[in-house]
Amino acid sequence: MTRFSRPEVLVPGVALGATILLFLALPLRTGQLLTPFDAYNALQVLARLGPLILALGLTMIAGEFDLSVVGTYAFGGMLAVTYGQGHWAVGLVLALAAGLVVGVLQGVVIARLRISSMPVTLATYITLLGATSSLSGGLSKTFDDAGVTLWVDRPVLQVFSPRSLLVLVVFLVLAAVLAGSRWGREVRAIGGDRRASRVSGVRDDRLLVGLFATSGLLAAGGGALLNFSLGSANPDPGVQPLILAAVAALLGGVSLAGGRGSVLGLLAGALTIAFLAQIVTVAALPTYVSQLFYALLLAGVVAVDAPGLRRGAVRLRKAWG
Amino acid sequence: MSTIVAGRRLSPPQWTDVLAGAALLALLAVGASTERFLTVANVKAILTSASLIGIAGLGLTLIVIGGTSVSLAISQSVAVSAMVFLAVQSAGLVVALVATIVVGALITGLQGLVVGYGAANPIVLTIAAGFALTGLATGIGGGTSVSPTGTGYTVLNATPGGIPLSVYALVLLTVALQAVLDRSAFGRQLYLTGENRPAARAAGLPVGRVVMVAWVLAGALFAVAAAFSGAFNTSANINLGGTLTFDAIAAVLAGGTPIAGGKGSAWRTLAGVLLIATVSDILLLRGYGTGAQIMVKGLIVLAVIVVVHLRTTRGRR
Amino acid sequence: MSLIRVDGLSKSYAGTVAVRGVDLEIRAGEIHALCGHNGAGKSTVVRLLSGQESPDGGAIAIDGVPVELKTRRDAQTAGVALVDQELSVVPSLTVAENLVLGDRDAGWLNRRRAQHRRARRMLDDLGLTHVRPEQRLATLGLGERQLVEIARALGQRARLVILDEPTATLTDVESEHVYAAVRSVAAAGCAVLFVSHRLGEVLTLCDRVTVMRDGAVVTTSDAAALTVPTLIRHMLGESPQAAPRVRAESGETVLELTGVSVPGRFGELSLQVRAGTVYAVAGQLGSGASDVLRGLAGLHPAMAGEVTVGGARLRTADPVAAARAGIAFASNDRKSEGLFLDRSTGVNLLVTRIPALSRFGLVGTRRWKETESRLAERCGFPAHQLARPVGQLSGGNQQKAFVGRSLDRPGTRVLLLDDPTRGVDVGGRAAVHALVRDAAAQGVAVVFSSTELDELVDLADVVLTMYQGRLVSRHDEAVPGAVLLHEMTHGAEAG
Amino acid sequence: ASPQSTSGTSGGPKGKTVSFVGYGSTNQWGAYFNGVFTEKLDAEGVKVKDLTTMDPGTAVQNFNQAIAEKPDLIVTALLDTTSMAVPIQKAKQAGVPVLVFDGRPDPKVDGDVMQVVSDNVALGTAAAQNIVEGLTAQGKKSGKVFVITGTASSLVTQDRMKGFEAEMASAPQFQVVDVQDGNWDPARSGQIATQLLAKYGCSGIQAAYGMADYMALPIIASAKQAGCPVAGRNGLVVTSSNCFKAGIDAIRAGTLYGTATEDPGTIAAQTADYVLRYFNGENPPKKETVREERVTAKNVEKFAAQCSNA
Ligand SMILES: Nc1ncnc2c1ncn2[C@@H]1O[C@H](COP(=O)(O)OP(=O)(O)OP(=O)(O)O)[C@@H](O)[C@H]1O
Ligand SMILES: Nc1ncnc2c1ncn2[C@@H]1O[C@H](COP(=O)(O)OP(=O)(O)OP(=O)(O)O)[C@@H](O)[C@H]1O
Ligand SMILES: [Mg+2]
Ligand SMILES: [Mg+2]
């Protein structure tokens, strides 16, 4: 197996490549040339979903699944708007602090008790949605600092905004940290085989607490950024962001079983989703077509990842000679 | 970790049970002190609001026990089944019910086929299935809602003895499912497959078939919930399932069935759904808002997960 | 000059006393063996010394200084390196990454080049010259993975290296590499604690031997003063009766392989297997011996060729079809591919016969119970152990439950056993051998592979040797171990 | 000059482009609206670009895309009122006119857009009138009422509650005792109704308002299941708004006391008409409110067709 035929390289490579080709082919359908704005708007999707994708993806590499990210996203965003009315920084710091606390608490429960993260984070997700709704009385909140709202989405170099740049920087920093330090190796190790890593001397509990804390920070920060840009906070972001974040992580070559994937892969997955969203928008596909489109995409991920299907393929190839 | 281990040994392990018991007593005490909680009407209300989530939760229980994680397409499966149920009412109730169950079993069973024989990841697959069902339902039906083509469905809204039919269905289906799990060869093989799939495969158990059958049965149970839901709402579109996916997962988890598979029972799911319904009811009676209700639901699920985990891992490494 | 000293160590699990009052003292530069029957408490001692568990009582001192080893990290800081009884490497990482995993001397930065250089050296030391550092561990066989784990432990700058059954999955040739490496770390002044059921290697490799029985230390003495029989007597309190070696009447051909192959594993193999006969497939790691068994069990999707069972053609690469045709398989990995650890011993004995115990899809409770007790008796489980989760039994008893599920089963015609006594003590091993012979006597064809020469010679009626995916030769008569070894390592018929 | 009077007002509708950031057709209301609206404009040669969605975040992205493409007009519905305020301001700066339909926009940008909005206050008022009328007809001197609303955070819901409460205040003998967020979710609506009926008992509740037909019908079903009489001489009076076929059937069957229009067809037709008038340079009024009609058994046949489209 060569380096490039491994799923964690193959999947994001093919997905991103195909998406960019589709994107470049868009004028064939719309009859209009691509503009820098098309890239800008795609990167805005990256800015919106990127922090969630990172938050979810990092825990997935470590063999966990942090469903609570959307809850933290909503909660952090609501805190940022509620307490950021005076000065945005106060709101942002509070949001980050809340994300950190939620992440650390979850990490401690999961690592100490050696309990599966999916049910725990699902419960946290429900709890946080309730808390967000309580915080706002079930209503949307307006963020009145129009200066901040306009600034975060101001075009920079035509295709970026401060928000998308920040998210890109976070991606690259984490990519460097994970690729260049023992931390990255150990995160993949505990995702690949938790017990074996522990026996080898990897301090899996500390790593997990750190990861969930990072995940909480990213999600809450992402929520705050998003709500600053929207100029409002909605108590219920729905499950769409979670689903898209999971899709992006999977397209980034991360496996649900853990132990596989990289931050650059996650970035590729995030860019794939961002440009796909832009393609769906520019091509003005009807809602149901885009739903089917996502279904097909995931079917591809399923096929690459399913051992039984691979076994079946081997058997077929054998039968045909 | 070591202090917990020591604690477990000293005050012999039952502290989690004591905690759980105390929590349950506290819940009942709060309930009893809540006005109108201990009335026949309220108990009926709790049962009624538990019934649909409970029936869907029973289906999900099969999926979880089989070690195939969860389905994230429950809402969509139920919605599409309900649309079928109302659309074929003109053929009579029995035909409509059969058709709905067949469609429901097919939708989820097809996913089970890929999960069972193909060892596909159920989470990814069911997310895909959710997209596909939404896309197909809106693409074919144009997004408008389906109205009943006959009136046979009203039978499902009957309340023999003052209790809705769906509650009887929930109880009956719980008993039946438990019997299947305990007594049938399929049930035994399902638990084994769920606990250790590679081992089951190497032992020559029909892993693919067992998983698929579990998903087919789950789909049939989703369809039963769908029929009741369609009858209750008298119209259906793709959004009819609402938050059912997460409600059902929460119910199964609150019952203490671990997501890792190989364990769990229909009784547990029934207990879980009743626990959540009871607490929601108390909060509503006491005048708490939607946010508080959701928040407490989350905390309960969390508490149960932790307690059950501590109980089952006691004395193991 | 003791490096590590243990006094009155004890540990219980939920009512089971695993270790009671163990005293132990290991010197620098010494290779110290720890022996005992399955469940004697050896691995528990290892877990306590390596920081995986905290003792209920007793003290550990290193260089005379009392230490508390609460985590693996504590133990590593105190200089304790470990090869666990369970294979503890991460398949999704590369070989080089596995070799530095958890090493507290590896820096915070990833220096690939340096890591690969060091990995090369460590691999060469253990004879893994064909393994590349950048290879993923998942591409290696079980035995190679084990060697990587051993290399990791030996490569850490440790004062005490603990190896818990390091050679259980290795063949004799690879084991020799391990012995050499162990000797060289000991020569460098490191203390070694070596746990093994292979009594031969214990006596040749180790300096002193501590024997445990039922959680307590029976004796510690110089290896030179011991012989295998005395060691066994210390371990078991008695000598096991070796099952009489009676060759069962060979019956009809039940299993026939014609031109069977698995690409990349083994080539064209043709073979007739008769009922009532015990066949051994002998080969080095990677010779394809295990793959023959896995393939016949339907677990190799790429297997080609024709297999017939009782004259009927078998659908290959389908474990269900294999099971239905009467092929029972016991993997060499009983934890992840064998037992259902959370289930009772009784259930584990019955997993392969659920349909047979059911009528109209319903399980007959009475027949279930009857069969359970019949099998338990056959395998020598006391009735009270039937309800215990099989994961709580000792390794040898787990193995008995695992093999037992294929015995005395009307449908079983071919029994495939991959390393059936891996990690099993002498007593358990005799018991498993007796079970296998029983099966053959009842007309079942048995095909097994083993990494131990002695076992091949003891148990098999017919020995087939393999080398690099090819069948080398077939011995229908008793054959000296040396001949087999030559064929397995050189591929040519000896002489 | 304000954008709406400068561009698009000359040369008629043919060849004009509309970016349509409406509700996605996974929503039954949106599905019918989109069909009618698009068809009407297509017929006049207007090019409609489909940027519909049901996800608030995507809606913002699609709206920004629409601005960048500089169509002759953006037609939009607001999934999340507050989060669309900034994009609307951006459209104004870019000189792209915006037409909002269904719910009104955030007060901050009220002056920046054209509007064809439902009269949500009137819808709330109509619901209250239905209840008062129904209870009075039963001869009730007092009564208690609960409401299960659409998503509480939306202005649509808030406006309806305003109208509803104001009208209920004029009949103080009838009292609103409970308001719960039903989130436009029929299943949730049924659950809440079941529990509220248990909380107050059949005799403790005389009327209920579910904000859409598909939320009122589950209330009726729960009441029946709880053994509470519905309609008739002494039963629960249930009303709704957003009429659908199922609601009309229920009014005919006598179980639903009344509903109100806000059917997608009418507003779609009026919105399309507005767009055409705008492109024809007829300078339509900046804000048009769709006439909402109260529907009860008395006039149900008149609205049956209009309401039976979704
Ligand atoms: N987690 C556990 N829970 C309960 N009992 C346990 C646990 N771990 C070990 N035991 C019990 O402790 C005893 C000693 O086990 P241990 O693994 O130390 O034996 P061992 O000497 O290493 O045996 P083997 O040669 O089979 O590896 C056994 O009776 C075993 O059943
Ligand atoms: N428990 C297991 N789970 C998954 N795969 C396994 C397992 N055991 C073995 N394999 C796979 O089967 C292949 C063969 O394993 P093994 O190391 O036993 O080699 P072999 O060629 O059969 O040699 P031998 O039997 O002589 O030791 C390996 O590549 C390994 O990936
Ligand atoms: Mg051991
Ligand atoms: Mg082997």
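- Heavy atoms only, all atoms of each residue included: C/Val347 and B/Leu192 are closest at CG1-CD2, 4.0 Å.
- Rounding to the nearest 0.5 Å gives a distance of 11.0 Å between CG of B/Asn196 and CZ of C/Arg343.
- Within a 6.0 Å sphere centred on CD of C/Glu68, other residues, nucleotides and ligands contribute 12 heavy atoms or fewer.
- Minimum interatomic distance between B/Glu195 and C/Phe340 (heavy atoms only, all atoms of both residues): OE2-C, 3.1 Å.
- C/Val363 is not listed as a side-chain neighbour of B/Arg183, based on a closest heavy-atom distance of 4.5 Å or more.
- Contact tally against chain B (heavy-atom pairs below 4.5 Å) for C/Gly391, C/Gly361, C/Gly364: the top residue is C/Gly361.
- When C/Thr352, C/Val351, C/Leu357 are compared by the number of non-hydrogen pairs under 4.5 Å with chain B, C/Val351 comes out ahead.
- The shortest heavy-atom contact between C/Arg405 and B/Ala203 is NH2-CB, 3.4 Å.
- Heavy-atom pairs under 4.5 Å with chain C were tallied for B/Gly187, B/Gly208, B/Ala200, B/Ala179; the largest tally goes to B/Ala200.
- Only the side chain of B/Arg209 comes within less than 4.5 Å of a heavy atom of chain C; its backbone N, CA, C and O stay farther away.
- Scanning all heavy atoms of the two residues, the minimum distance from C/Ser336 to B/Pro198 falls at O-CB, 3.6 Å.
- Dense packing is recorded around CZ of C/Arg367, with more than 12 heavy atoms of other residues, nucleotides or ligands lying under 6.0 Å away.
- Within a 6.0 Å radius of CZ in C/Arg324, other residues, nucleotides and ligands contribute 12 heavy atoms or fewer.
- Residues C/Ile354 and B/Gln189 come closest through the heavy atom pair CD1-CG, 3.8 Å.
- Closest non-hydrogen pair, C/Gly338 versus B/Ala199, comes out as O-CB, 3.4 Å.
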